[in-house]
There are 2 protein chains.
Amino acid sequence: MALANTFKALSDPTRREILNLLGVRPLSAGEIGAHFSMTGATVSHHLAILKDAGLVFDRHEGKYIFYELNLSVFEEVLNWFQTFLDQKGDSHEEAEKK
Amino acid sequence: MALANTFKALSDPTRREILNLLGVRPLSAGEIGAHFSMTGATVSHHLAILKDAGLVFDRHEGKYIFYELNLSVFEEVLNWFQTFLDQKGDSHEEAEKK
DNA sequence: CTATCGTTTAGACGTTCATCTAAATGAAAC
DNA sequence: GTTTCATTTAGATGAACGTCTAAACGATAG
């Protein structure tokens with residue numbers, strides 16, 4: 001299931017920090033790595049997981065590879081959460097759908 | 001960090017299915033276990049993780065222990081997601097909040 | 001074409017995770 | 001109190017994870 005990968009990707013603090021960085025603006029793999037004390041190989045591994053989860057996409061630009069947030073997947077997960085709140089809300093409150 | 005535990009808890013399909021079941025109504029550990037083909041011990045383990053993540057709470061009632069969704073944590077995570085959408089949306093679009 | 005720079009892949013290592021079986025706890029009923 | 005039923009805890013096992021070093025790949029610059 002897609003959600004499994006997404007939540008697994010989000011469960012790591014390093015990866016969430018990467019997403020925070022990319023929230024400001026797209027960054028190359030090297031720029032992202034500069035924010036952490038780990039190996040470039042490790043950062044690349046995290047980026048691959050984020051990409052696999054659909055949370056980011058990459059754009060090759062000459063010598064560099066830029067990573068960027070993929071907001072549509074954020075919206076998907078947001079919807080998943082809202083089903084719980086809606087579902088629960090409807091059960092003890094008169095429902096008016098939007 | 002709290003988010004780490006929450007996302008780790010949500011990354012397992014079994015635990016997400018448990019949350020779905022609890023979305024309908026609170027259930028005892030036994031009732032939850034009846035929906036799966038695993039050992040009761042394993043289900044208990046998953047419930048402990050969900051409880052630790054704050055996604056559910058338990059209520060002791062005689063011989064049984066009932067589990068129930070804790071919606072406030074759902075809302076917290078939902079807010080975390082919305083910061084990304086808001087942040088990004090504001091940067092390239094004139095923001096008008098709903 | 002060869003050297004260089006940015007990034008990824010391969011393989012290894014210790015840790016964490018999901019699951020099991022077996023034993024322990026806790027509450028109710030006899 | 002002893003038995004019974006619901007649930008959890010303890011300990012074990014194999015798979016997955018985060019990290020590293022070393023090697024490979026890809027694109028640009030000499």
Side-chain angles (χ1 to χ4, degrees), chain A residues 1-22 25-70 73 77, chain B residues 1-22 24-70 77:
Chain A
M1 183 193 263
L3 276 182
N5 284 342
T6 307
F7 284 129
K8 209 166 289 182
L10 290 168
S11 71
D12 186 85
T14 299
R15 290 195 285 264
R16 284 200 306 282
E17 181 60 24
I18 291 176
L19 293 175
N20 271 320
L21 295 173
L22 296 181
R25 71 167 194 286
L27 295 170
S28 71
E31 289 173 308
I32 295 168
H35 284 79
F36 300 96
S37 49
M38 335 175 225
T39 309
T42 299
V43 173
S44 175
H45 169 70
H46 286 306
L47 289 171
I49 289 173
L50 288 171
K51 206 168 66 175
D52 186 59
L55 289 164
V56 307
F57 57 89
D58 58 350
R59 183 169 34 93
H60 292 244
E61 199 166 316
K63 195 147 82 171
Y64 302 92
I65 300 177
F66 284 90
Y67 283 86
E68 195 159 346
L69 284 191
N70 180 14
V73 171
V77 184
Chain B
M1 181 193 260
L3 276 183
N5 284 341
T6 307
F7 285 129
K8 210 166 288 181
L10 290 169
S11 71
D12 186 87
T14 299
R15 291 195 284 266
R16 284 200 307 283
E17 180 60 24
I18 291 176
L19 293 175
N20 271 320
L21 295 173
L22 297 181
V24 179
R25 70 165 195 286
L27 295 171
S28 71
E31 289 174 309
I32 294 167
H35 285 78
F36 300 96
S37 50
M38 340 175 219
T39 309
T42 299
V43 172
S44 175
H45 169 71
H46 286 306
L47 289 171
I49 289 173
L50 287 171
K51 205 168 66 175
D52 186 58
L55 289 164
V56 307
F57 58 88
D58 58 350
R59 181 169 36 90
H60 290 245
E61 200 166 314
K63 194 147 81 174
Y64 301 92
I65 301 177
F66 284 89
Y67 284 85
E68 196 159 346
L69 284 191
N70 181 14
V77 184

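Throughout, protein chains are lettered first and strands after them, A, B, ... in sequence-line order, and every chain is numbered starting at 1. Keep in mind it's a predicted model, so treat the numbers as computed, not measured.
With sequence neighbours left out, A:Ser28 forms a side chain to side chain donor-acceptor pair (under 3.5 Å) with A:Glu31.
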**Request:** Please report the C-alpha distance between B:Glu61 and B:Arg59 in whole Å, then the side-chain angles of each, then the deciding distance to 0.1 Å, and finally whether the salt bridge (charged side-chain N to carboxylate O under 4.0 Å, His left out) criterion is met.
**Result:** CA-CA 6 Å; B:Glu61 200 166 314; B:Arg59 181 169 36 90; 2.5 Å; yes
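Put simply, the side chain of B:Asp58 never gets that close to the backbone of B:Ile65: no donor and acceptor are under 3.5 Å apart. At distances below 3.5 Å, not a single donor-acceptor pair connects side-chain atoms of A:Arg16 with backbone N or O atoms of A:Ala9.
The distance from the CG atom of A:Asn5 to the NZ atom of A:Lys8 is 6.5 Å, given to the nearest 0.5 Å. Rounded to the nearest 0.5 angstrom, B:Leu22 CG and B:Phe57 CZ are separated by 10.0 Å. Note that the CZ atom of A:Arg25 and the CD atom of A:Glu68 stand 12.0 Å from one another [nearest 0.5 Å].
Listed pair B:Tyr67 / D:dT8 meets the phosphate criterion, a side-chain N or O lying under 4.0 Å from OP1 or OP2. OP1 or OP2 of C:dT7 lies within a sub-4.0 Å distance of a side-chain N or O belonging to A:Ser28.
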Below 3.5 Å is the cut-off: list the nitrogen or oxygen pairs between protein and nucleotides 20-24 of chain C, distance only.
unit_1	atom_1	unit_2	atom_2	d
C:dC20	OP2	B:Thr39	N	3.0
C:dC20	OP2	B:Thr39	OG1	3.1
C:dC20	OP2	B:Thr42	OG1	2.7
C:dC20	O5'	B:Thr39	OG1	3.4

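The distance between atom OH of B:Tyr64 and atom P of C:dA28, rounded to the nearest whole Å, is 11 Å. Whole-Å rounding puts the A:Glu31 CD to C:dT7 C1' distance at 13 Å. If you measure from atom CG of B:Asn5 to atom P of C:dT16, you get 13 Å, rounded to the nearest angstrom. Rounded to whole Å, atom P of C:dG6 lies 23 Å from atom NE2 of A:His45. In this structure, A:Asp12 atom CG and D:dT19 atom C1' are separated by 11 Å, rounded to whole Å. A:Arg16 places its CZ atom 12 Å from the P atom of D:dG18, with the value rounded to the nearest Å. Here D:dA6 presents its C1' atom at 8 Å from CD1 of B:Ile65, a figure rounded to the nearest Å. The separation between B:Arg15 atom CZ and C:dT19 atom C1' is 12 Å, rounded to whole Å.
Looking at B:Val56, B:Leu69, B:Ile49, B:Leu47 one by one, the single match for side-chain contact (heavy atoms from CB on, under 4.5 Å) with B:Ile18 turns out to be B:Leu47.
Of all the residues in residues 47-63 of chain A, A:Lys63 reach under 4.0 Å from DNA chain C with at least one non-hydrogen atom.
Each of C:dA18, C:dT8, D:dT19 was ranked by its minimum atom distance to the side chain of A:His46; first place goes to D:dT19. Comparing atom distances between the B:Ser44 side chain and each of C:dT9, D:dA6, D:dT8 picks out D:dT8 as nearest.
Minimum heavy-atom separation, B:Tyr67 to B:Ala29: CE1-CB, 4.1 Å.
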